Amino acid sequence: MTIRTPDVPGIEFALLPPVRDLGEGFKVRRALPSAHRRMVGPFIFFDQMGPAAFAGGEGLDVRPHPHIGLATVTYLVEGEILHRDSLGSVQAIRPGEVNWMTAGRGITHSERTGPEMRSRGGPLFGLQAWVALPTHAEETDPAFAHHKADEIPTGQYDGTRLTLIAGQVDGLASPVKTLSDLVYAELVIAPGGRYRVAAEHVERALYVVTGEIAVGGQTGQFATNELIVLKPGAEVVIESTGGARVMLMGGEPFPEKRHIFWNFVSSRPDRLKQAKLDWKEDRFDHVPEEHEFIPLPE
């Protein structure tokens, strides 16, 4: 991981997350949590998946695994993932759609390439974030919601198309039900476009998915795959000479610390211990028709 603190007003620091190879040429970059920043608002985990290109017969196979105390949000740029969970949900996720799974007191799910996509092969490129739940909702009942691309609000700003995945910003409100104050949006900046990141939320960060962006008129300041953490209360303008795709995330920070182990998040360390034991002793609900699972890491 590479971290730098550029002398740019409104920027705390920028970091370049390391690449992890999950096998068969499928790679991820994990921007959160890191040693330098555990959370941004309620966001406690942020992965870029791919880009990858699967040949016919190949695909993604994330076997059933558990979660507590968080919500997962999956958003694709290219390709397709088949989501299955212990509530009985079976849902194909395609570009521009929003898959929001609230784990609450506990859920199990798998993420795979579906049979049709696997047979012909194709690209996969997307992002998965975890949103920690507020303390009053950590043990809520698990739930699943899927929203088609045409349900998600968009806005145009000086050559930038904003797609509001969740939360509120710039007068827009997403239909995705969240349990805390946040913003999660995709910014597609045309060549020569710009976007003003207002100080609507206490903590915010930008992740450059593709292209390069400038902050404060400094061309080429931030490159592909960099996470840029903004200072609280700062308003910045981002621009791109050649065009870029950027994710904006943030929200109100929680007053209590969040603890994380593997796929479990909680404000109480003892709750993580219980979740570990529950997974070891097969007390989580199963994903119907799936018989594999990912063992608890030691």
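Note that the structure is a prediction, hence the values are computed from the model and not measured.
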Asks: So, Glu138 versus Ser267: side-chain donor-acceptor pair below 3.5 Å or not?
Replies: yes
Asks: Looking at Glu256 and Arg258, does any basic side-chain N land under 4.0 Å from a carboxylate oxygen?
Replies: yes
Asks: Just by distance, do the side chain of Thr113 and the backbone of Leu60 share a donor-acceptor pair under 3.5 Å?
Replies: yes
Asks: Answer yes if the ring centres of Phe264 and His259 are under 6.0 angstrom apart, and no otherwise.
Replies: no
Asks: Does any N or O in the side chain of His201 come within less than 3.5 Å of the main-chain N or O of Gln168, such that one atom is a donor and the other an acceptor?
Replies: yes
Asks: Can you confirm whether the side chains of Trp130 and Gln128 place a donor and an acceptor under 3.5 Å from each other?
Replies: yes
Asks: Transitively linked via ILVMFWY side-chain contacts under 4.5 Å: Val28 with Phe45?
Replies: no
Asks: Can you tell me if Gln274 and Asp278 form a side-chain donor-acceptor pair at under 3.5 Å?
Replies: yes
Asks: Could you tell me whether a side-chain N or O of Glu203 sits under 3.5 Å from a main-chain N or O of Gly41, the two making a donor and an acceptor?
Replies: yes
Asks: May I ask you to decide if Asp170's main-chain N or O and Glu200's side chain share a donor-acceptor pair within less than 3.5 Å?
Replies: yes
Asks: Is the backbone N or O of Pro33 less than 3.5 Å from a side-chain atom of Arg38, with the two atoms forming a donor-acceptor pair by type?
Replies: no
Asks: Verify whether the ring centers belonging to Tyr75 and Tyr184 lie closer than 6.0 Å.
Replies: no
Asks: Taking the side chain from His83 and the backbone from His109, do they hold a donor-acceptor pair closer than 3.5 Å?
Replies: no
Asks: Looking only at the aromatic ring of each residue, does the gap between the centers of His146 and Trp100 stay below 6.0 angstrom?
Replies: no
Asks: Can a salt bridge be assigned to the pair Arg118 and Glu58 using a cut-off of 4.0 Å between side-chain N and carboxylate O?
Replies: no
Asks: Under 3.5 Å, is there a donor-acceptor pair between the Gln91 and Asn99 side chains?
Replies: no
Asks: Looking at Arg37, I'd like to know if its CZ atom is crowded, meaning that more than 12 non-hydrogen atoms belonging to other residues, nucleotides or ligands lie closer than 6.0 Å.
Replies: yes
Asks: Using a 3.5 Å distance criterion without hydrogens, assess whether the side chain of Thr224 forms a donor-acceptor pair with backbone atoms of Gly211.
Replies: yes
Asks: Walk me through it: do Asp141 and Arg105 pass the test salt bridge (charged side-chain N to carboxylate O under 4.0 Å, His left out)?
Replies: CA-CA 6 Å; Asp141 290 340; Arg105 58 180 168 78; 3.2 Å; yes
Asks: Might you work through the salt bridge (charged side-chain N to carboxylate O under 4.0 Å, His left out) test for Glu111 and Arg84, ending with a clear yes or no?
Replies: CA-CA 7 Å; Glu111 298 155 298; Arg84 293 179 182 268; over 6 Å; no
Asks: May I ask you to decide if Ala234's main-chain N or O and Arg204's side chain share a donor-acceptor pair within less than 3.5 Å?
Replies: yes
Asks: Are the side chain of Glu186 and the backbone N or O of Val188 linked by a donor-acceptor pair below 3.5 Å?
Replies: no
